[in-house]
Protein chains: 2
Amino acid sequence: MVRLTDVARAAGVSTSTASRALSRPTMVAPETRERVARAASEMGFRLNATARALTTGRTGLVGVIVPTLANPFFPPIVTGVQQALTEAGGNVLLGVSDRSAERERELATQLGSRVDGLILVAPVNADAEVRGIAERLPVVTVDRTVPGLPGVVVDTPGGVRKLMAHLLGLGHRRIAYLGGPPGSWMDRQRRKAAREAVAEAGGELIVLDPAPPQFDAGLAAAEHLVRREERVTAVMVYSSYVLLGILMGLGNAGLRVPEDISLAASDDLTVIGMTQPGSTALHVPLDEAGSAAFRLVREAPPAGGRPPRVRIPTRLVVRESTAAPRR
Amino acid sequence: MVRLTDVARAAGVSTSTASRALSRPTMVAPETRERVARAASEMGFRLNATARALTTGRTGLVGVIVPTLANPFFPPIVTGVQQALTEAGGNVLLGVSDRSAERERELATQLGSRVDGLILVAPVNADAEVRGIAERLPVVTVDRTVPGLPGVVVDTPGGVRKLMAHLLGLGHRRIAYLGGPPGSWMDRQRRKAAREAVAEAGGELIVLDPAPPQFDAGLAAAEHLVRREERVTAVMVYSSYVLLGILMGLGNAGLRVPEDISLAASDDLTVIGMTQPGSTALHVPLDEAGSAAFRLVREAPPAGGRPPRVRIPTRLVVRESTAAPRR
DNA sequence: ATGAAAGCGCTAACAA
DNA sequence: TTGTTAGCGCTTTCAT
């Protein structure tokens, strides 16, 4: 292995000069800098990141702990962090907790000593534990807020409002809402938003039983919709997986979208833009959530005051699955 | 920050004894070990991974470079590496190359000095460049082989053969094959496997134009299938996205699966198991590919001989979308 | 079984 | 602008 010392000797300068030439070029005479650079490249030298980290106290790494990578919600967040981090020359140290609180804590302590900050995505630990982690190093949460800590959340309730406004604007008054995941806090937020929006416009929101975010739940929901006495003219679904199932289920039952019924989803995580007809949905910029989180960890730790919070807005993308109701 | 020295002092031993007590417990008297452990936990001490890495020369990190996380093929591989690594107490340092050869090289050198080994997933650089990277540290490729380097590949051609055998066994003789991605090496391998399998059984393989791995390509393919003069009785599709599109397209056209036509896919990356009917497909154990890759990087660098290669078999999962043809 | 001492490769005062 | 000198926090001979 080629060390900085070797390069320095080859260039006929001291180690510190070589160090400066490589890490703080402006502090060194152009001619010297050039000589060091040449020696370094000739010898195939690379600064040892570990040694650097030890002296500077900064590793250039950010830890990202996610519950899983199997849910398409999470990879884009990681990608977002990585993108923002790349511009700063850093890298992502990844942890997958598998939704285990213990594993999450383990990962946090393991990664803790090798990163400059930690991004906890949808952490499963209790507030107190998460705050405990944050005592050792800068921590930012994503898709969840923890009192006292900086956080990034995606504004899906706001998105639901936009979606409802769109449907109401088209003339729909009887709108079904298929929420989920069953029992989740987010589900309640979204349902509340939907109910308010529809009530304000004098419409009626039919709240269906919440469903798991799966294709077959959509198939079942479609059957239910078809069988209902009082037809709704539009359906809003919280998951694009479920929407896909509904789309197929309605097709099997001979109902046409959007002629017979309008359909919209509150995320675009699946192939939803390419369905036939293309599905109206909220675009959820998860990569932005990731890069926002990075910016927050990088910032100086909040000096006791209110921790910064970032709310990522969603964007309504209208496609062919929504239209005015038939009269 | 609490250092090992602080713990040692609190426990009334030397730094080296404290170090041993924590890292090589058997080298220390049980009573001493206990005292150090107690002091450490009382003071909330954690060994500093960076300092450790500097002295031992091993970081406990493995770099994983993927083209993207947006394609569902890649996250499971990362998860597989992480799982295997977890048992060894290590972590994953992630890089996303965005399919840029230059970025991939940058990442490789950046990560190179902070990891014990590098796993390159579907690298885009030329063989020579990849080998160059491997001169500095252990490198394993996944989903591609590079002469001279250890590698892990998924045996999809073998899977295609299994799938074809299944269809032929059901009695199908006119089978359509919808391949892709257009022009890819893998596509040729799979097509070859399909053709051979069908030919051996005296059947006829109708090769459709290769399609991109997208939902709407499936819709288009469904239309084409419906319009064909000579109906095929079964279709094999290389991508589960495309299969989803076909399923919906056939449904729209009033064709029933599997009564009118059997359908099978050569991967199970999407919600394919939950469709209605459930779709016969190959299970592709990408997490196993990831953990196999980890085992290969961890092994001693191959001493000049043939580099180890691991071929991950796929598994045929028969569901309701395939049945005997109507006669 | 324990301690003293010498680094790992680099950066950062402090001088010159 | 450059060099000298201490470390960063830990592990590891080498003694004892």
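Ion pairing between a basic and an acidic side chain is recognised when a charged N comes within 4.0 Å of a carboxylate O; A:Glu135 and A:Arg131 show no such pairing. Under 4.0 Å is where a charged nitrogen must lie from a carboxylate oxygen, and between A:Arg315 and A:Asp268 no such pair does. Taking a cutoff of 4.0 Å between a charged side-chain nitrogen and a carboxylate oxygen, A:Glu299 and A:Arg295 do not qualify as a salt bridge. Classification of A:Glu102 and A:Arg105 as a salt-bridged pair fails, no side-chain N sitting under 4.0 Å from a carboxylate O. Ion pairing between A:Asp98 and A:Arg103 fails under the 4.0 Å rule for side-chain N and carboxylate O.
Between the side chains of B:Ser14 and B:Thr17, at least one donor N or O lies within less than 3.5 Å of an accepting N or O.
Following rounding to the nearest Å, B:Arg58 (CZ) and D:dT11 (C1') show an atom-to-atom distance of 13 Å. Residue B:Met1 contributes atom CE, which lies 11 Å from atom P of D:dC8 at whole-angstrom precision. To the nearest angstrom, C1' of C:dG9 lies 13 Å from CZ of A:Arg9. Taking atom CG of residue A:Leu4 and atom C1' of nucleotide C:dC8, one finds them 14 Å apart after rounding to whole Å. The interatomic distance linking B:Leu54 (CG) with C:dC8 (C1') rounds to 4 Å, in whole Å. The distance between atom CG of A:Asn48 and atom P of D:dC10, rounded to the nearest whole Å, is 17 Å.
Contact check, A:Arg52 against C:dT11: a side-chain N or O comes under 4.0 Å of OP1 or OP2. Residue B:Thr17 places no side-chain N or O under 4.0 Å from the OP1 or OP2 atom of C:dT2. Look at B:Ser19 and you'll find a side-chain N or O under 4.0 angstrom from OP1 or OP2 of D:dT11.
Residues from residues 22-44 of chain A placing a heavy atom under 4.0 Å of any atom in DNA chain C, listed by number, are A:Ser23, A:Arg24.
Along DNA chain C, the nucleotide nearest B:Val13 and the nucleotide nearest B:Thr55 are compared for position; the residue whose nucleotide lies closer to the 5' end is B:Val13.
Not a single donor-acceptor pair, N or O on each side, falls under 3.5 Å between the base of C:dA12 and the side chain of A:Thr56. Contact annotation: side chain of A:Thr15 to base of C:dT11, donor-acceptor pair absent below 3.5 Å. Side chain B:Arg20 to base D:dT13: a donor-acceptor pair is found below 3.5 Å.
Within the structure, side-chain hydrogen bond (donor to acceptor under 3.5 Å, both in side chains) contacts touching residues 51-67 of chain A (residues at least two apart or in different chains) are A:Ser23-A:Arg52, A:Arg58-A:Asp116, A:Thr59-A:Asp116.
The bend of the helix from C:dA1-D:dT16 to C:dA16-D:dT1, defined by the angle between the axes of its first five and last five pairs, stands at 30° to the nearest 10°.
Residue A:Arg309 places its CZ atom among more than 12 non-hydrogen atoms of other residues, nucleotides or ligands, all under 6.0 Å distant.
When every heavy atom of A:Glu104 is checked against every heavy atom of A:Pro123, the shortest pair comes out as OE1-CA, 3.2 Å.
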